[in-house]
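Presented below is the structure to which this report refers.
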2 protein chains.
Amino acid sequence: MDDAVAGLAQDRSRLGRSSTAERVADILRDRIIEGLFMPGQRLSEESICEALGVSRNTLREAFRLLSHERLLDHRLNRGVFVRVLSAEDVSDLYRVRRVLEGAAVRRPPTPQALAQISEAMTDAERAAEAGDWRAVGTANIRYHQALVTLNQSPRLDEAMRQLLAELRLVFHVMENPRDFHEPFLDRNRELLKLIEAGEPGRAAAYLDGYLDHAEQLLLRAYEPNR
Amino acid sequence: MDDAVAGLAQDRSRLGRSSTAERVADILRDRIIEGLFMPGQRLSEESICEALGVSRNTLREAFRLLSHERLLDHRLNRGVFVRVLSAEDVSDLYRVRRVLEGAAVRRPPTPQALAQISEAMTDAERAAEAGDWRAVGTANIRYHQALVTLNQSPRLDEAMRQLLAELRLVFHVMENPRDFHEPFLDRNRELLKLIEAGEPGRAAAYLDGYLDHAEQLLLRAYEPNR
DNA sequence: CTTGTCGAATCGTTCAACGATCCTTACGTT
DNA sequence: AACGTAAGGATCGTTGAACGATTCGACAAG
């Protein structure tokens, strides 16, 4: 019986798990990530707190959370806006990816992490066959999130989660998701092979080329806008 | 004249710079980092909002910000507490440092970054001569913050800033700051030399040993507490 | 010693209000 | 036509009070 009681300790995290402000933040985060709120759009306190049935103060707490995640841009006395990323932001995001993912592929891979990466990989391929490019994008994100878990660091996982959320804001400027995601299917597969083969050096080099290419594609999509 | 106008863009960040909640967060962050609020201590909404002369709602917004930085622990219906880091947290912080600083030392150093590192180095040495070990700790943190700037990434700089703030919470358990900081003076100097000499491989290896040692010192200090 | 009950303290959330700030528009000046 | 000024409205920033919900500690009953 002591075992059963001890097991409860793991579920403790679920106890504290709720608070209107956090739930509101979750809802808004989803909308932003899904692209239902477009970058640059202003989020009016009044209309949103009425639509969600929460008070302005609670909504403001949620806004603070999302601004801190760089998904919203909070301008004093002017309200909050969905973040608009600049070309410099894109470059910076890829600099961080090179560091985080680069460190990941140099680590001895754990079976669980490999399984997660592999699962995301097959999900992406299945979605590609079905022609669901939005799902391909989602699976691709899961792939890279799983990649970072090789670092075995909760904080780096969290950092990657936030980074990928920001990156989704960028993906919305890609008018044709297929052209953007399709080429990376083979690359993800190849990278996974190199990791499984225990060749960290080659995997890291391959990853660098991979990220350079993706960054340039995105930057090119940003060119016309200025 | 266009130059002068363009130069203004850099000061734009100062414009938005104010909001009671953020200023409150700044004040509290300083107190926490300086150790005036001890880890585990509860921060009562009522007493603090009265002491600072702000409303509870505003204070709560500040609390949200600091919880998001992992400096406060927000437990539902129980209030906010100064974060208490576990031994696992310490290990994770050092895993992140290995990734962030490890990537930094492998980069070709820029003159400005080197200057900043060098300045922190001499500040630390000067403070050591004066026997001011608290100042040594502060300069040491500046040193590593400057180290990360080699990555040339604002997001990584920010991540390092937060990481070091967390680490200060841990340093408060070191009863004797001199024993902890003194050995690292020579190591910092040696690491700087290796970077200046353009030997990224040896610098990275040296850094790893450095971080391993620091982590173990901290973990040993944590042992008695459990 | 364990369990149930109760009250105080505090949190979570809402609501209403007022001043401050920003944007827009209009008007007059140069 | 370009610029400075003024007025108005919309929205934000912040406050203060209020009430239910939750937690914690004490104390009595089993």
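Naming convention: chains lettered A, B, ... in sequence-line order (proteins, then strands); numbering from 1 in each chain. Values below: every heavy atom of this structure, side chains too, minus hydrogens, waters and symmetry copies.
A:His68 meets the side-chain hydrogen bond (donor to acceptor under 3.5 Å, both in side chains) test with B:His68; sequence neighbours excluded. By the salt bridge (charged side-chain N to carboxylate O under 4.0 Å, His left out) test, A:Arg107 is found to be paired with no residue, residues two or more places apart in sequence or in another chain being considered. Looking at residues two or more places apart in sequence or on another chain, you find a side chain to side chain contact (heavy atoms under 4.5 Å, CB included) between B:His213 and B:Phe184, B:Arg187, B:Leu217.
Nucleotides of DNA chain D with any atom under 4.0 Å from a heavy atom of chain B span, from 5' to 3', D:dT14 to D:dC24.
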Output one letter per nucleotide in nucleotides 9-18 of chain C: B when a protein non-hydrogen atom lies under 4.0 Å from the base, S when only the sugar-phosphate is that close, - when neither is. -SSBBBB-B-
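In this structure, a donor-acceptor pair under 3.5 Å is absent between the side chains of A:Asp212 and A:Tyr94.
One N or O on the side chain of A:Tyr222 and one on the backbone of A:Leu85 form a donor-acceptor pair closer than 3.5 Å.
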Without placing hydrogens or testing angles, list every side-chain donor-acceptor pair under 3.5 Å for residues 46-56 of chain A, not counting sequence neighbours.
from    : atom 1 : to      : atom 2 : distance (Å)
A:Ser47 : OG     : A:Ser44 : O      : 3.4
A:Ser47 : OG     : A:Ser44 : OG     : 3.2
A:Ser55 : OG     : A:Asn57 : N      : 3.4
A:Ser55 : OG     : A:Thr58 : N      : 3.3
A:Ser55 : OG     : A:Thr58 : OG1    : 3.4
A:Arg56 : NE     : A:Glu45 : OE1    : 3.0
A:Arg56 : NH2    : A:Glu45 : OE1    : 3.3

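By the 4.0 Å N-to-carboxylate-O rule, B:Glu22 lies close enough to A:Arg64 to be salt-bridged with it.
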